Structures are given as structure tokens and as C-alpha cells.
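Each remark here refers to the structure printed beneath this line.
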Amino acid sequence: MSVSTACAPAEESSVVVEGDLEAAVALMSVCGPWNHPLRQFASSTLSKCLAGHPEAVIVDLSALDDRTCGSATTWLGAQQSAAFLQPVVELALCIPPELPLADRMQRLGTRGHLPVYAKLRQARVAITGRLPSAERMTLSLPAEPESPSLARNLITEACLSWELPGLLHPARLVMSELVTNAIEHTRAAISVSVCRRGAGVHLTVSDTDPALPTMRKPARPRPGRPLDDRGRGLRVVTATADAWGALPTKTGKIVWATLQPVTAPR
């Protein structure tokens, strides 16, 4: 597990999110005095975390100044949203016991099955211990031209093993674009994984570059390379995957994408 984060001083407001190397657990740290702007920022960030459909989200409130416990409804609402996802996303809070919010959430969280832990390490151990053993395949790849092909082969093996033929070709396309993009920008070894999430798959590509990917305007082909369509990778991912995103990690970043089978209209 490689989840870590750093908060700004308590008098400053910030929301920091980092993930582990497989995008299985996201850690969101909320710092500063609780007020309307911070509530909006925290709520929108948490929604984005859940949209990525990690296996779990840990919300670290150790540096949150909320003496009136005004943030309680935000965390309870997030728990309800996580519980409605399929598969369900585990949500847990980390609050030191001396803070008023800890007692408040201990009492409210019992009814909503929202666990509260005193220390971040306790939350990590407890959450990862409760997560189901996901079907996952991983591969380490060098920054070489054949790596996208090897990543596509991993997808083929996974989809056939899990009897998901409808996702084979779109998942191969998305993984190929993510790997190509990572190799082009990092020029270093990467790690890829495919995990079964309910009826779909969750793809991840980890690299050592902390810069998060952004959608760019497609560039013109370079001289002498008329088939070089640069800048189109993330557009292909956006058009093919149900959702995609990126999280910083302790060693760089991870880019993820989820794909679900197409359901026939009734």
C-alpha cells in the first residue's frame, strides 16, 4: 500500500487526494476551518473520488477544524452515495478521539455503517482487511514500443478468463492508449493492472511522473510522419470508457479507467 498525503496548516483550507498504486483505495485529507467554501470543495472532490469507483475511500479529518460538527451531514451523505454504487465502495473516516467531531460521528456513523478510526494507520489496516479479494492481473512494463501490445494481451487474458468478451476490444483500446501515453511522457518503466469490478473492469497505469494528464488539442502530424496522430489518446479513452481519471501517488501518479458492459435497452 502506498497511500500518503500532506495537509496545509490548520488555518489554511485544503482538500488533498492521493491513491495507492492500484487505485483500489483513495485517501482524501480535509484541512482547515469548516465553512461553506470548504464544504463545497470537499463535497465535489469526494464525488469525483467515488466516480472513479475505487474499492474504498478513507477521509482523513485529523486537521479539520469543525468544533460545531457542521460537517457531519456531508460525511453521512457521502456514505449513502458510496453505498448505492455497484459494487459498493467502502467509506471510512479518520478523526482523533479528542475532537468533538469524533464523538458525533461515532454515534451517527453506527446507524449508517460509517466506521470512524482514531488513526490513519488503523483505518488503512481495517479497510484493506475488509475488502474482498478482487480478481486482478498485473504487469510491469519497460518504456519500449512493444509495451502497449503486451498490455493489450493482458486485457485479452483477463476478459477471456472472466468471461467478459463484450469488454475485450474496448478495454484493449483504452489500455493501449493509457500505456502509450505513459511511455511517451515518462520514458520510464510502468505498472499496469486490470481488476474485475462487478460486471465490468477497472484498468490502471502507474508511472513515476507526478504531472496529471490533461486533454490537449490534437497536434498536426510531424514532418515525415503523416500517421502520427498526437494528442488524441485521452479523447479515445473518454469516448470509450465509462469513466477515467488520475490520482497522485507517493511515487508519481496513477491513471485509471472503468468500463462496464453495454446493457440492451428494454
Side-chain angles (χ1 to χ4, degrees), residues 1-5 15-30 39-62 64 71-95 105-106 108-117 120-136 138 158 162 164 167 171 174 193-206 241-249 253-261 263:
M1 184 70 56
S2 176
V3 181
S4 64
T5 187
V15 179
V16 180
V17 178
E18 287 197 353
D20 62 12
L21 293 181
E22 293 175 340
V25 180
L27 172 63
M28 175 174 142
S29 300
V30 184
R39 179 182 68 80
Q40 289 186 314
F41 190 22
S43 297
S44 62
T45 303
L46 192 47
S47 295
K48 292 178 181 178
C49 282
L50 294 176
H53 218 131
E55 294 180 15
V57 177
I58 299 174
V59 183
D60 185 6
L61 304 177
S62 302
L64 177 65
S71 66
T73 55
T74 297
W75 317 127
L76 291 176
Q79 168 58 20
Q80 293 178 355
S81 298
F84 278 123
L85 294 173
Q86 291 298 325
V88 172
V89 175
E90 292 275 352
L91 184 68
L93 305 179
C94 176
I95 314 174
M105 294 310 305
Q106 286 282 6
L108 294 177
T110 301
R111 292 178 292 178
H113 306 287
L114 177 57
V116 180
Y117 300 94
L120 186 56
R121 188 178 187 284
Q122 295 174 351
R124 290 175 180 169
V125 172
I127 285 293
T128 54
R130 290 207 308 270
L131 293 179
S133 298
E135 297 176 89
R136 178 181 286 110
T138 61
W162 301 335
L164 299 172
L167 293 178
V174 170
S193 74
V194 52
C195 173
R196 185 166 186 175
R197 296 279 176 87
V201 292
H202 190 82
L203 317 179
T204 66
V205 176
S206 306
D242 289 87
W244 74 272
L247 288 173
T249 65
K253 71 172 178 298
I254 183 166
V255 184
W256 58 264
T258 59
L259 295 93
Q260 295 291 329
T263 56

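Count residues from 1 along the sequence. Treat the numbers as computed from the prediction; the structure is a model and nothing was measured.
Under the side chain to side chain donor-acceptor pair (under 3.5 Å) criterion, Ser71 pairs with Asp66, Trp75, not counting sequence neighbours. Legend: residues meeting side-chain contact (heavy atoms from CB on, under 4.5 Å) with Thr74, ordered by chain and number and at least two apart, are Trp34, Arg39, Ser43. For Gln122, there are no side chain to side chain donor-acceptor pair (under 3.5 Å) partners, not counting sequence neighbours.
A distance of 8.5 Å separates CD1 of Ile95 from OG of Ser62, quoted to the nearest 0.5 Å. The distance from atom CG of Leu27 to atom OG1 of Thr249, rounded to the nearest 0.5 Å, is 12.5 Å. Expressed to the nearest 0.5 Å, how far CZ of Phe84 lies from CD of Gln79 amounts to 10.5 Å. One distance of note links CD of Gln260 with CG of Leu164; it measures 9.5 Å at 0.5 Å rounding. Atom-to-atom distance recorded for Leu247:CG and Thr204:OG1 is 11.0 Å, nearest 0.5 angstrom. Distance check: Leu93 CG to Leu120 CG gives 12.0 Å after rounding to the nearest 0.5 Å.
The shortest non-hydrogen separation linking Ala171 to Val201 is CB-CG2, 4.3 Å. Between Tyr117 and Ala92 the shortest heavy-atom distance is CE1-CB, 3.9 Å. The shortest heavy-atom contact between Leu108 and Ala72 is CD1-CB, 4.0 Å. The two atoms that bring Ser193 and Thr138 nearest to each other are CB-CG2, 3.5 Å, heavy atoms only. When every heavy atom of Ala82 is checked against every heavy atom of Leu50, the shortest pair comes out as CB-CD2, 4.0 Å. The minimum heavy-atom distance between Ala257 and Val174, with the atom names listed, is CB-CG1, 3.7 Å.
Side chains of Arg124 and Val25 form no contact here, defined as non-hydrogen atoms less than 4.5 Å apart. When side chains are defined from C-beta on, Arg197 counts as touching Glu55, because their heavy atoms get closer than 4.5 Å.
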Worked verdict on Met105 versus Leu76 for side chain to side chain contact (heavy atoms under 4.5 Å, CB included): CA-CA 9 Å; Met105 294 310 305; Leu76 291 176; 4.0 Å; yes
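Checking side-chain atoms of Arg196 against main-chain N and O of Trp162 turns up a donor-acceptor pair under 3.5 Å.
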